[in-house]
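All values below were derived from every heavy atom in this structure, side-chain atoms included, with hydrogens, water molecules and symmetry-related copies excluded. Order of appearance sets the numbers: ligands from 1, and atoms from 1 within every ligand.
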Amino acid sequence: MKKISAWFRIILLSIIIHSASASDSDPLQDYCVPRPDLSPIFLACKNSSLVTVEDFVFSGIKSAGDSKKTGFSSIPVTAAVFPGLNTLGVSFVRADFEVGGVNVPHYHPRATEVAFVVEGKIYSGFVDSKNRVFAKVLEKGDVMVFPRGLLHFQMNVGNSRASIIGSFNSQNPGLVKIPSAVFGSGIMEGVLEKGFGLNAKELSKLRKKFSS
Ligand SMILES: *[C@@H]1O[C@H](CO)[C@@H](O)[C@H](O)[C@H]1NC(C)=O
């Protein structure tokens, strides 16, 4: 009995260590195209005899998404919109920048991102947990990595449109945009006024701007 429980503890520990060091877990089968009537989270796969090549092809990023006030648009391609990615631990994004367009400081809680510059000149960078900034102007063909969970940002500093393709080691990397997470989320005024050294009027302006 004692022996069994010792083994059990070792196995449990190794499961915990593995799940802490991996990103998404390894798939247990070739693929799991989710049943369209269920959320991918339940991992109920379509009967493989009903799966076709179309489940593994995504055609939704041939052109740029709708540009926002910041002159930036992005189309995240996660398992939620591309079911063939389900359980495979990867996803990607197409992002387009008008001249001067900005991808505001943000982070992905569950994935490291590798971004490839398809077109344009993009000032890109991230900040590590000691507040050190690693940033430079990337040109067409350059690739930059943004480590998992670290704040990063981009701006088109060229004089033509720019675009990137980012890939993630998670099928659902998550996206936390700092301006809207801080000022658009309904955190109590006192916290933000004191935390950012703002008066009530300044805070109200920022709240209006970043509430969706
Ligand atoms: C999958 O579909 C095939 C062919 O229609 C059928 O024979 C098989 O029983 C199905 N498998 C499951 C698990 O439903």
Inset, instruction - With side-chain contact (heavy atoms from CB on, under 4.5 Å) as the test, would you mind laying out the steps for Leu150 and His152 before giving the verdict? - result: CA-CA 6 Å; Leu150 296 188; His152 57 283; 5.7 Å; no
Inset, instruction - Scan the protein's non-hydrogen atoms and note whether one is under 4.0 Å from atom 2 (O) of ligand 1. - result: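 Yes; the ligand atom in question has protein heavy-atom contact below 4.0 Å.
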Legend entry - atom 9 (O) of ligand 1 touched by protein heavy atom at under 4.0 Å: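 Protein heavy atoms within 4.0 Å of atom 9 (O) of ligand 1 - there are none.
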Legend entry - Distance-minimising heavy-atom pair for Asp55 and Leu50: OD2-O, 4.2 Å
Inset, instruction - Distance to 0.1 Å, residue and atom name: give those for the protein heavy atom nearest to atom 14 (O) of ligand 1. - result: Asn47 ND2, 3.4 Å
Legend entry - Nearest neighbour in protein (non-hydrogen) for atom 5 (O) of ligand 1: Ser49 OG, 4.0 Å
Inset, instruction - Indicate whether any N or O donor in one side chain lies under 3.5 Å from an N or O acceptor in the other, for Glu98 and Asn156. - result: no
Inset, instruction - Indicate, with yes or no, if the rings of Phe196 and Phe183 have centres closer together than 6.0 Å. - result: yes
